[in-house]
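Throughout, protein chains are lettered first and strands after them, A, B, ... in sequence-line order, and every chain is numbered starting at 1.
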Amino acid sequence: MLTLEELVCERDGRELFAPVSIDVRAGDYVELTGANGAGKSTLLRTLAGLHSRYSGAFDSVDCLFQGHRLGLDGLLTPLENFAWFLGFEGRDADRERFLDALQRTGVLNKAYQPCSEMSAGQQRRVAMARWLLSSRSLWLLDEPLTALDASAQQVMAKIIVEHCQAGGAVVCATHSELPVAQKRLLKLEATQRTPDGSVHSGYRDFAKVQDE
Amino acid sequence: MYFDSFGDLLQMGKHGFYVWTAYGATGLVLLISWLSARGAFVKTAQRLQQQAELAQRGDQSAQHRGDHT
Amino acid sequence: MSSLLRREWQVALRAKGAIINPVAFLLLSTTLFVIAAPDTVSSDAAAGILWTLVLLTQLLALDAMYRRDFDSGVLEQTLVSAQVPFVAVLTRIFMQWLSTGFIMVAVGPALGILLGLPAEATPAIALAMLLGTPALSLLGSIGASVTVGFSRGGVILALLVMPLFLPTLIFGAGLVAAAEAGSSVMPQVYALSLISLVALAIAPFATLAGLKISLEMQ
Amino acid sequence: MLSASLKRLWHKLGSPRWFFALTESWVKVAGWSALVLLVWGTIWGLGFAPADYQQGNSFRIMYVHVPAAMLAQSLYIGMGVAGFIGLVWRMKLTDVAISACLPLGMVITALALFSGSVWGRPTWGSWWEWDGRTVSTLVLFFLYVGIYALREAIADQELRARASALIAMVGTINIPIIKYSVEWWNTLHQPASFGLTQKPAMPSEMWLPLLVMVLGFYAFAGFIVLVRMRTEILNRELGARWVRDWVQVRSER
């Protein structure tokens with residue numbers, strides 16, 4: 001589903017964490033942890049194709065990315081947002097499924113209200129409903145628990161477990177534990193890059209090649 | 001030499017002011033570009049040298065401490 | 001594609017400001033101009049003034065072109081999920097052109113009359129707007145995509161795109177002036193169309209690259 | 001065999017360390033040849049070239065204005081090409097080149113504008129003449145300022161590199177369009193201003209000094225760009241061991 005080989009992300013010319021290698025198979029729930037600024041978000045953004053400065057390699061199937069910004073258009077209602085989003089997957093709008101998804105995440109009563117008129121927590125529930133509608137099997141979630149109350153966290157945990165059981169995979173960066181039974185832990189360690197090597201992303205330093 | 005006297009060279013038949021202003025500006029621009037480029041290089045080299053000295057002092061003091069213990 | 005257009009249309013209807021504000025600004029600045037320099041009315045400078053004001057209106061609208069989608073994360077989702085993000089960028093530029101360029105085909109002639117241009121020049125103004133404004137939206141989109149990540153990108157955006165707008169301004173004003181003088185407008189028509197086509201060829205790819213850079217910036 | 005060595009050269013060019021070592025000698029060559037050419041050209045152009053029978057001696061400003069205007073445009077196009085290579089092959093050195101050409105390009109464009117207007121005063125009677133060449137150079141100056149402002153606004157080095165490469169490329173694509181449209185505009189508004197003695201081709205003793213001055217300007221640009229690139233490489237490769245070795249060697253000398 002998603003394999004990482006010696007992946008290291010860079011930001012402002014320095015390496016964020018020690019090389020990461022993992023093979024995420026269908027049904028896996030991987031919890032990505034690490035201190036603030038360890039590079040969790042940058043790793044997820046790299047996997048989603050939004051960040052291009054990294055060394056090492058990864059290959060992944062198309063993914064659904066949920067960053068700090070929810071990706072909901074404030075002027076549109078949840079239904080209109082879903083219709084737009086599913087357009088990317090080439091699927092047409094199906095009102096019944098949309099309403100079921102909203103009911104599942106407990107914001108059915110907001111179905112026809114522009115997203116800008118909702119609270120942050122309610123908007124997150126709408127975003128969660130969108131996960132259910134997407135046909136993408138790999139979910140990359142960046143701290144999805146923020147602004148969610150206890151009941152919403154339970155709903156999210158259930159959704160993730162069901163998605164994994166249905167053959168999907170989830171990589172979730174979070175500070176607080178998610179109540180999911182079996183999970184794989186991936187902790188980002190600080191980089192031990194020897195200080196003398198300067199960072200070359202994207203090309204091998206020819207001079208070094210000669211020395212080897 | 002096209003001009004018969006140095007004075008004539010300066011005057012250039014009433015255009016002297018403009019010609020020398022243009023050449024003066026050019027000289028100034030080229031000079032400043034050269035000095036600032038060279039200055040930047042020298043400053044960087046010096047900064048690197050200071051860094052090297054600091055690193056050396058760091059190693060020496062480490063050796064001292066090493067001998068005493 | 002249709003879902004993209006539908007969304008743009010819904011947004012356009014809800015945020016009418018995107019259509020009304022440019023036109024309002026254009027009317028306002030024309031009035032200021034006429035008050036400040038009354039003898040420009042029905043002078044040969046009128047065509048140039050009209051086009052310059054259209055350019056400035058476009059510039060103001062550009063800053064907001066990607067800003068809203070950038071802040072809400074919609075841009076992120078588009079680049080991650082869309083199989084063909086190129087189409088999404090093209091749709092966005094097309095909608096932007098409708099609200100700030102195509103609309104000038106109607107508003108331009110009206111302003112021409114305000115500025116005292118002869119009535120028979122109005123079809124020429126409409127033609128100039130129709131052929132010239134696409135280049136403004138396309139090239140402007142490149143500048144907007146690169147500066148959307150900045151908190152105060154406005155001035156830099158103007159610095160980046162104004163030189164690129166110059167050819168359109170020259171031939172646009174040239175077309176109107178030629179029409180006023182009664183001479184043939186074909187050379188300007190060809191030039192304006194050429195510029196807009198070149199812009200169409202490079203803008204979507206450059207915009208996509210610019211958006212990728214901006215998205216990586218936060 | 002040729003393609004293999006070309007590929008190796010291509011990779012070599014990508015490595016700052018190799019570039020730094022290689023250009024050690026180039027810098028000296030460029031510097032000295034620039035000095036010789038400029039001095040020789042100036043003396044020849046100022047002192048020995050015959051005056052223009054229409055403009056008199058003010059035409060001598062041409063020996064400074066024309067090379068500056070040419071160089072200004074070449075530097076921008078150079079940045080555009082470097083930008084293209086940088087974006088397509090992801091070479092870090094191209095951004096070093098852009099950051100080296102930018103300040104020099106701006107200053108040379110300003111010089112071209114200034115010398116053009118000083119030349120215009122005795123010839124056409126006004127400090128600023130809105131004709132094709134002056135407007136193109138002015139727009140070129142704004143294209144430079146645009147990139148400069150863009151680089152100032154982006155903190156991250158790699159993103160700054162890609163953004164300025166993109167805008168330099170877009171700008172370069174537009175330079176011919178801008179030049180063409182400004183020339184066309186010029187024919188509309190500008191009564192045929194009597195230029196240099198275009199009718200009879202410039203006698204050789206008039207354009208030879210110009211050739212020397214143009215070569216001098218380009219050699220000077222090469223010198224400045226190389227010095228700035230080497231400085232930038234040192235700044236960007238602070239941590240590398242080869243930089244420390246180089247400092248070591250330099251302090252012993």
Nearest 0.5 Å please: distance from the [atom1] atom of [X] over to the [atom2] atom of [Y].
| X | Y | atom1 | atom2 | answer |
| --- | --- | --- | --- | --- |
| His51(A) | Met217(C) | NE2 | CE | 12.5 Å |
| Leu75(C) | Leu50(A) | CG | CG | 9.5 Å |
| Thr78(C) | Phe88(A) | OG1 | CZ | 4.0 Å |
| Ser3(C) | Glu89(A) | OG | CD | 10.5 Å |
| Leu215(C) | Arg45(A) | CG | CZ | 6.5 Å |

More than 12 non-hydrogen atoms from neighbouring residues, nucleotides or ligands closer than 6.0 Å to [atom1] on [X], yes or no?
| X | atom1 | answer |
| --- | --- | --- |
| Phe94(C) | CZ | no |
| Asp23(A) | CG | yes |
| Phe102(C) | CZ | no |
| Phe86(C) | CZ | yes |

In terms of heavy-atom proximity below 4.5 Å to chain C, should Cys115(A) be classed as side chain, backbone, both, or neither?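 For Cys115(A), neither part sits under 4.5 Å from chain C.
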Lys/Arg cation over aromatic Phe70(C): Arg69(A), 6.0 Å, 45° cone: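 Yes.
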Closest non-hydrogen atom pair between Val74(C) and Leu72(A), with its separation: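 Looks like CG2-C, 4.0 Å.
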Glu216(C)/Arg11(A) salt bridge by N-O under 4.0 Å criterion: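 No.
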Answer whether the closest heavy-atom distance between the side chains of [X] and [Y] falls below 4.5 Å.
| X | Y | result |
| --- | --- | --- |
| Arg14(C) | Leu76(A) | yes |
| His68(A) | Glu76(C) | no |
| Glu8(C) | Trp84(A) | no |
| Arg68(C) | Asp73(A) | yes |

Please identify, among Val80(C), Val87(C), Leu79(C), the residue contributing the most non-hydrogen atom pairs under 4.5 Å to chain A.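 Among Val80(C), Val87(C), Leu79(C), the one with the most close pairs to chain A is Val80(C).
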CA sep, side-chain torsions, deciding dist, call: Gln77(C), Arg130(A), side chain to side chain contact (heavy atoms under 4.5 Å, CB included): CA-CA 12 Å; Gln77(C) 293 300 333; Arg130(A) 185 172 58 195; 3.8 Å; yes
Sort Ser2(C) into side chain, backbone, both or neither according to what part of it lies under 4.5 angstrom from a heavy atom of chain A.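 For Ser2(C), no heavy atom lies under 4.5 Å from chain A.
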Could you tell me whether a side-chain N or O of Arg136(A) sits under 3.5 Å from a main-chain N or O of Ser81(C), the two making a donor and an acceptor?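 It does hold such a pair.
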